[in-house]
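Report on the structure given below.
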Amino acid sequence: MTAQLVTPNFTSNIHRFTVQQYHLMHDAGVFAEGDRYELINGEIREMSPIGIKHAVCVAKTARLFQIKLGDQVFIWVQNPIILRNHSEPQPDLAVLKWRDDFYASALPTPEDILLIIEVADSTIAYDRDVKMPLYAANGIPEMWLFDVNQQIIEGYSQPSASGYKRSQRYEQGDTLSLLPFPDVIFNWEALI
């Protein structure tokens with residue numbers, strides 16, 4: 001008689017929530033007022049508290065984008081977006097196509113998004129290893145990742161199912177521009 005090792009399939013015990021289920025939980029009061037969660041690949045994840053460096057960077061960047069791009073786009077700050085049926089992340093900043101209803105009829109989806117910006121002071125690995133591939137797999141055309149501790153901006157474009165195919169690192173003295181607005185230049189110093 002030969003002994004066989006039985007390895008349980010732990011993934012069979014995992015329930016992945018849909019966006020609709022996530023919204024129903026919110027409506028039912030499952031989450032306390034002020035709790036910060038996002039739905040990533042069907043998992044409800046607690047978001048990190050926002051530190052001062054993070055908050056200032058998001059505020060500066062949102063203001064600068066509004067000044068430079070005006071009514072050509074809609075600046076969506078720390079609000080949810082819907083990616084497929086199992087993800088509703090809350091990027092720090094999303095640059096969206098303009099809609100007269102301010103997205104009141106439906107949250108933004110990949111077709112609405114021109115650029116996602118994630119700002120990290122304590123979450124760089126999570127933003128790079130979890131959220132960036134999610135954005136790429138959903139066809140978000142461009143993502144910028146701000147590392148406020150290292151004072152670096154990473155730019156990603158050319159999304160695919162396996163991640164972004166193109167990356168660029170920006171440091172002091174560099175300039176950036178969005179793919180749909182190549183003539184609108186952002187100085188690294190103004191963003192970080």
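All residue numbers in this chain count up from 1 along the given sequence.
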### Message
Whether the side chain of His54 engages the backbone of Val119 through a donor-acceptor N/O pair (distance < 3.5 Å, no angle test) should be reported.
### Response
yes
### Pro110 backbone acceptor or donor facing Asp112 side chain under 3.5 Å
no
### Task
Look at the side chain of Arg16 and the backbone N and O of Asn41, then say whether any donor-acceptor pair between them is shorter than 3.5 Å.
yes
### Message
Nearest 0.5 Å, please: how far is OG in Ser177 from CG in Asp183?
### Response
8.0 Å
### Message
Could you check whether atom CZ of Arg99 has more than 12 heavy atoms from other residues, nucleotides or ligands sitting under 6.0 Å from it?
### Response
yes
## Note on the structure
What one should report as the nearest heavy-atom pair of Lys131 and Pro89 is CE-CB, 4.0 Å
### Task
Please answer whether the main-chain N or O of Phe31 pairs with a side-chain N or O of Asp35 as donor and acceptor at a distance below 3.5 Å.
no
### Task
Would you name the heavy atoms of Pro159 and Pro141 that are closest together and state the gap between them?
CD-O, 3.8 Å
### Task
Indicate yes or no for a side-chain donor-acceptor contact from Glu38 to the backbone of Gln90 under 3.5 Å, with no hydrogens or angles considered.
yes
### Message
I'd like to know if the side chain of Thr109 pairs up with that of Arg84 as donor and acceptor (distance under 3.5 Å, no hydrogens or angles considered).
### Response
no
### Query
Can you tell me if NZ on Lys60 sees more than 12 non-hydrogen neighbours from other groups inside 6.0 Å?
yes
#### Entry: Sidechain N-carboxylate O distance under 4.0 Å for Arg36, Glu46
no
### For Asp71, all residues meeting side-chain hydrogen bond (donor to acceptor under 3.5 Å, both in side chains), sequence neighbours excluded
none
### Task
State which residues pass side chain to side chain contact (heavy atoms under 4.5 Å, CB included) with Asp174; sequence neighbours excluded, sorted by chain then number.
Tyr170, Glu171
### Query
Does Glu43 reach the main-chain N or O of Ile40 with its side chain, forming a donor-acceptor pair under 3.5 Å?
no
### Query
Would Phe186 and Phe65 satisfy ring-ring contact (aromatic ring centres under 6.0 Å, His included), going step by step from the backbone distance to the final call?
CA-CA 9 Å; Phe186 297 89; Phe65 272 66; 4.3 Å; yes
### Task
Examine distances only and state if a side-chain atom of Asp101 and a backbone atom of Tyr103 form a donor-acceptor pair shorter than 3.5 Å.
yes
#### Entry: Candidate pair Glu118 and Tyr135, rule side chain to side chain contact (heavy atoms under 4.5 Å, CB included), full reasoning
CA-CA 11 Å; Glu118 291 288 357; Tyr135 296 144; 2.6 Å; yes
### Summary
From the list Val95, Leu93, Val73, side-chain contact (heavy atoms from CB on, under 4.5 Å) with Leu115 holds only for Val95
### Task
Name the orientation class of the two ring planes belonging to Trp76 and Phe74 (parallel below 30°, tilted from 30 to 60°, perpendicular beyond 60°).
tilted
### Task
Inspect the surroundings of CD1 in Ile52 and state if more than 12 heavy atoms from other residues, nucleotides or ligands are less than 6.0 Å away.
no
### Query
Counting distance only, does the side-chain N/O of Gln150 pair as donor-acceptor with the main-chain N or O of Asp147 below 3.5 Å?
no
### Query
Can a donor-acceptor pair be found between the side chains of Tyr156 and Gln168 at a distance below 3.5 Å?
no
### Donor-acceptor under 3.5 Å (Glu189 side chain, Gly173 main chain)
yes
### Message
Among residues at least two apart in sequence or on other chains, which ones pass side-chain hydrogen bond (donor to acceptor under 3.5 Å, both in side chains) with Asn149?
### Response
Lys53
### Task
Could you tell me whether the side chains of His23 and Glu88 share a donor-acceptor contact shorter than 3.5 Å?
yes
### Query
When you check the gap from the basic side-chain N to the acidic O, do Arg128 and Glu154 get nearer than 4.0 Å?
yes
### Query
So, does Ser160 use its side chain to make a donor-acceptor pair with the main chain of Gly163 at under 3.5 Å?
yes
### Query
Do NZ/NE/NH1/NH2 and the carboxylate oxygens of Arg166 and Glu142 come within less than 4.0 Å?
no
